[in-house]
Each structure stands twice: as C-alpha cells, then as structure tokens.
Asks: 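One structure, as structure tokens, below. Some questions next.
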Amino acid sequence: MDEGPLWWPVRRLLAAYRDGSLSPVEVADLAQARIAETNPILHAFIRPTPALARRQAEAAETAYRSGSPGPLAGVPVSIKDAFHIKGHVTTLGSLAHVNDVAGHDSGAVRRLRRAGAVIVGKTNLPEFCQSATTDNLLGPPTANPFNPDLTAGGSSGGAAASVASGACTLALGSDGGGSIRIPASFCGLVGLKPTHGAIDDAQGFRAFSPFVSVGPLARCVDDARYLFRALSAGGDVTAGTPAGKGPRRVAWCPSPEGRPVDSGVARAAMAAVDKLAACGHHIRPVDLDLEGWEDIFGPIVLAEEGERRGRLLDGPHRLTTYQERSLRAAGRLSQKTIAKAFSDLAEFRGRVDGHFRDYDVIITPATATTAFELGCRPTTISGRGVGWLWGAFPFTAPFNVSGHPAVVLPVGFPDGLPAAIQLVGRRGDDRDLLSLAGQLEAELDIRPFTRLSPRVLAP
C-alpha cells in the first residue's frame, strides 16, 4: 500500500504540518481525490465537502505559520450525516430530508471546527440511524473496504468505510446501540463509545437519546484519543481511575448471554485476551448478567421514534422498510410497556455497575461474526439459529443501555476479514480504557490496512 499522508497517524501528520514539510491544503486535496476514487465502489460519502475542506485547510496552514494551530489543525475528518454542518444539507439518510440545509453546526461539529479539523464530507448512514447496516433509499449501501461485496456495518458505516479506505484520517460517528463499534469491528478500526452523557452534541439530531454517545472511528488507539480529546473539551470525562495504573482485573465473557459466536472470531478474541494475561493483567472467565436489555432498549427507542417521526408515516416521502416497521411498531406500544422499560433501566444500570465492584474491565467479542454479504444478515452462527435484528451483533447494545464506555479494537483476520474485541470500563473511565486498548494494540501489532480489497486499493 502507498503510505501517503492520508494513511499517516495523526501524530505524524501534525508533526509534518508543524515543521512545514507538508501542507494541510495538499492533504485536503488528496482526500478529495481519494473520495472520488473510492466512493463509486464503497458509497461511504453522501456528499463530499471540497469547498469547505479547502477553506479549512487554508485556515489551518495560516494557523501553523502564525504558531497558533488547534489540536487537530489540518487533520482530515469525515462527519456522519446525522450531524449538522451550517450551510450544508443533513439528510439523516432519509428522502424526507434530502433538501434540508442546516442553519447551525451541531455541538460536536463546533468542537471540531475549534480544533482546526478539515471536514472532507458527510458520510452515509441508514435512515435515522435505525439499522446496524448502512442502507437507505438515497443510493447504494455502504460497502466494506476489505471486500466491497460485504457490509461495512452501521449505523456509522459510511464513517468507518471513509477511514478504512484512506479517504480521511478520522471520522465522527454516533453510537446508540453499537453504531460506532459494529462498523469499527467489521472494518478493522478502533471505535470508541464514550460514557453516556460525557460529550454534548448540543442542537444535534435526536434518536436513541437515553443511550447514544458521540465518538471517534480511527485506525489506531492514539488517533482515537486525539479526536476524543477534541470532542470532550469542557466535558466531564476526567472522573475514574487515571490512565497508567497497574494490572487490571478483567472479566472475560466469550459469549455473553450464551449467544453463538463464529469460531474464527472466538479464536481471535481468545488470543487477544491471552496477550493481556501475558502482560500481567488478571483474567477471569465470567458469565455476565445482562438479561433484560432488549426489553428496555426496544420500547424506549421505538417510543422516541414514534414521538419524533411518527408523522412521516402519512407524509409524501417513501421510507425504508425498517423505518416504516419501526414507526408502526411504535404506534402499537402501550404506555405500560414504555413505563416498565424506563423503570427497569435504572435497575439494569445498577446491575452492570455491580460487575465493576469485582472487575476493572469487561471484555467481550465486539460482534458475533465478521462482515457478511450486503443485504444478507446471517440466520445461523456456529450452527445455531439467530434472530435477524441482533444475531450478528448482540454484544454492543447492552452497554448503551448501561451507559458505560466501550472501545472496539481489531484483533485478527479469520478468513481474511477483521475481527475485534470490545473493552468496557467504568463510567468516566474512558481514558483508562483507551490506555488499556493501546497496550493491547501494541502487543498485537496488527496492520489491517495491508489487506484491503484490490478494488479499493487501486480502483
């Protein structure tokens, strides 16, 4: 693979900008060229933003000359099209919003502007973020850079594909049920769902409100840390144990709730856990008590969808099948069911908090499978039948319900495709979680992006 600046880690990119050996404008132009090459194959971007990127790159170049660059000055970043950029359309993946120009930046975008990031485009997503694969009625589904016949996951699938294909360095995503971590797992990336409530996206799109977090997708832990810091500026993310402490007590749950896991994914995850044990961390296999999360998550998410977007059922625009089903299901929900879900939420969160009395970190596989064929969710895993909705990715949403931070890290390549594990920490322990993920990343020394499809490497 050509190791050009779009593949460099943030730290190296910033150093080159500071010493004048590389121009932010040059990199912004490279990003637009890479988007033009890969988007006909991957459909990662709904809209590139070349004029905005050029203005921001020129401003970053000026800031370096004057000695006042922001922490992400000149770094190319893609923005999931669930975030508002003033003066640009926010489609939310829906025909109902294809002409809606945002009158303001959402909170996360404002922080990235202040940090000096260069916004290269708006990335693809399922309609209103309501699917774990990235397909909508606006165009073709987002494909996986490792094999464009496969899904990139969702709902931040375009964000993941944009980074994994080398079209940008970092991506801004959101995670209401695994929407950062699932595509990170499928595309060989690091994906962080911060502690719920730690990062404010003021005046942003609202869905999955009790569960969603804004966070980064990146090619390495250090890059994810850069974007996390920029997003959390001013936020309360300093609580918890400081990074760099001694051996952690790790609860290793290879198949939460007894759900099946693909044998190749299971082996890669186990090998990574063995690496942590070799580093001196204390590993204990456990069966996590996560029962009941679906009965909390489903009614609360559907109730909000019905309240915010139920009117679209009678509107002039076609809806995706999954969104229409969600809105009709919302209309059938009883107030008793919704009230019980909210009542059970506090108990569930307390129950998951209880695991952290005995352990510092929980580890699970990130997903139950590697990426699968576009439009073909698996119905069996390891010889056992699984449901269409959660079968391939049942391990992320419980920690949206609980509100704990979780990071996904690539750990191997069964059948040539990325597999990943999920590390979950105490509330507010986001930085320590990234520290542990960084240690494991260094031990594994995995280089996923040498395995991209030839169609993506050389369109």
Asks: Report the C-alpha separation of Phe356 and Asp429 in whole Å, then their side-chain angles, then the decisive distance to 0.1 Å, and conclude whether the side-chain contact (heavy atoms from CB on, under 4.5 Å) test is met.
Replies: CA-CA 11 Å; Phe356 290 99; Asp429 259 2; over 6 Å; no

Asks: Tell me whether Lys275 is salt-bridged to Asp445, with the criterion being a basic N under 4.0 Å from an acidic carboxylate O.
Replies: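 The answer is no: the pair does not qualify as a salt bridge.
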
Asks: Kindly say whether Ser209 contributes a backbone atom to a donor-acceptor pair with the side chain of His196 at under 3.5 angstrom?
Replies: yes

Asks: If you apply the rule side-chain contact (heavy atoms from CB on, under 4.5 Å), what do you find for Thr38 with Phe45, and how did you get there?
Replies: CA-CA 10 Å; Thr38 59; Phe45 288 86; 5.7 Å; no

Asks: Can you check side-chain contact (heavy atoms from CB on, under 4.5 Å) on Asp360 and Arg426, steps first, answer last?
Replies: CA-CA 7 Å; Asp360 302 307; Arg426 292 186 181 89; 3.1 Å; yes

Asks: Does any N or O in the side chain of Asn400 come within less than 3.5 Å of the main-chain N or O of Asp175, such that one atom is a donor and the other an acceptor?
Replies: yes

Asks: Would you check if the side chain of Asp223 reaches a backbone N or O of Val10 as a donor-acceptor pair within less than 3.5 Å?
Replies: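 Present.
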
Asks: With a 6.0 Å cut-off on ring centres, are His97 and Phe128 close enough?
Replies: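 When the ring centroids of His97 and Phe128 are compared, they turn out to be within the sub-6.0 Å range.
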
Asks: Enter the distance from Lys193:NZ to Ile199:CD1 here, rounded to the nearest 0.5 Å.
Replies: 10.5 Å

Asks: Not counting sequence neighbours, which residues clear side-chain contact (heavy atoms from CB on, under 4.5 Å) with Cys279? List them please.
Replies: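 By the side-chain contact (heavy atoms from CB on, under 4.5 Å) rule, Cys279 matches His281, Gln439, Glu443.
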
Asks: Can a donor-acceptor pair be found, under 3.5 Å and without considering hydrogens, that links the side chain of Ser334 to the backbone of Thr337?
Replies: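 Side chain of Ser334 to backbone of Thr337: a pair is present.
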
Asks: Establish, from distance only, whether the side-chain atoms of Thr367 and Thr369 form a donor-acceptor pair under 3.5 Å.
Replies: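 No donor-acceptor contact under 3.5 Å links the two side chains.
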
Asks: Is it the case that the side chain of Ser382 and the backbone of Val261 share a donor-acceptor pair, with hydrogens and angles ignored and the cut-off at 3.5 Å?
Replies: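 Pair found, side chain donor or acceptor close to backbone of Val261.
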
Asks: Tell me whether the guanidinium CZ or amine NZ of Arg248 lies under 6.0 angstrom from the six-membered ring centre of Tyr359 and within 45° of its axis.
Replies: no

Asks: More than 12 non-hydrogen atoms from neighbouring residues, nucleotides or ligands closer than 6.0 Å to CG on Asp358, yes or no?
Replies: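 Yes, enclosed.
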
Asks: Report yes or no: does Arg284 contribute a side-chain atom to a donor-acceptor pair with the main-chain N or O of Ala251 at less than 3.5 Å?
Replies: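 Not at all, since once roles are kept as given, no pair shorter than 3.5 Å links the two residues.
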
Asks: Name every donor-acceptor pair, under 3.5 Å, that has one atom in a side chain of residues 150-168 and the other anywhere in the protein, sequence neighbours excluded.
Replies:
unit_1 : atom_1 : unit_2 : atom_2 : d
Thr151 : OG1    : Gly153 : N      : 2.9
Ser155 : OG     : Lys80  : NZ     : 2.7
Ser155 : OG     : Ser179 : OG     : 2.9
Ser156 : OG     : Lys80  : NZ     : 3.0
Ser156 : OG     : Ser174 : N      : 3.3
Ser156 : OG     : Ser174 : O      : 3.1
Ser156 : OG     : Ser179 : O      : 3.0
Ser162 : OG     : Ser78  : OG     : 2.9
Ser162 : OG     : Ala159 : O      : 2.6
Ser165 : OG     : Ala161 : O      : 2.7
Ser165 : OG     : Ser162 : O      : 3.3

Asks: Looking at Val401, is its backbone amide N or carbonyl O close enough to the side chain of Arg349 to form a donor-acceptor pair, meaning the two atoms are under 3.5 Å apart?
Replies: yes

Asks: Checking Lys122 side chain against Phe83 main chain: does a donor-acceptor pair fall under 3.5 Å?
Replies: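 Side chain of Lys122 to backbone of Phe83, a donor-acceptor pair under 3.5 Å: yes, one is there.
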
Asks: Could you check whether Arg427 pairs with Asp353 (Lys NZ or Arg NE/NH1/NH2 to Asp/Glu carboxylate O, under 4.0 Å)?
Replies: yes

Asks: Around atom CZ of Arg249, are there more than 12 heavy atoms from other residues, nucleotides or ligands closer than 6.0 Å?
Replies: yes

Asks: For Thr396, enumerate each residue passing the side-chain contact (heavy atoms from CB on, under 4.5 Å) test, keeping only those at least two apart in sequence or located in another chain.
Replies: Arg181, Ile182, Gln422

Asks: Can you pull the side-chain hydrogen bond (donor to acceptor under 3.5 Å, both in side chains) pairs that have at least one residue in residues 319-333, sequence neighbours excluded?
Replies: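 Qualifying pairs: Glu127-Thr320, Glu305-Gln323, Glu324-Arg328.
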
Asks: Using ring pair (Phe, Tyr, Trp, His ring centres under 6.0 Å) as the criterion, list what pairs up with Phe372, not counting sequence neighbours.
Replies: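 Listed in chain order: Phe186.
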
Asks: Compile the donor-acceptor pairs under 3.5 Å between side chains in residues 291-298 and protein atoms, sequence neighbours left out, one pair per line.
Replies:
unit_1 : atom_1 : unit_2 : atom_2 : d
Trp293 : NE1    : Glu257 : OE1    : 2.8
Trp293 : NE1    : Glu257 : OE2    : 3.4
Glu294 : OE2    : Arg259 : NH2    : 2.8

Asks: Given Asp81, which partner from the list Thr90, Asn136, Asn124, Thr91 fulfils the side chain to side chain donor-acceptor pair (under 3.5 Å) test?
Replies: Thr91

Asks: List the steps, then state whether side-chain contact (heavy atoms from CB on, under 4.5 Å) holds for Ile85 with Ile79.
Replies: CA-CA 9 Å; Ile85 301 175; Ile79 305 294; 4.1 Å; yes

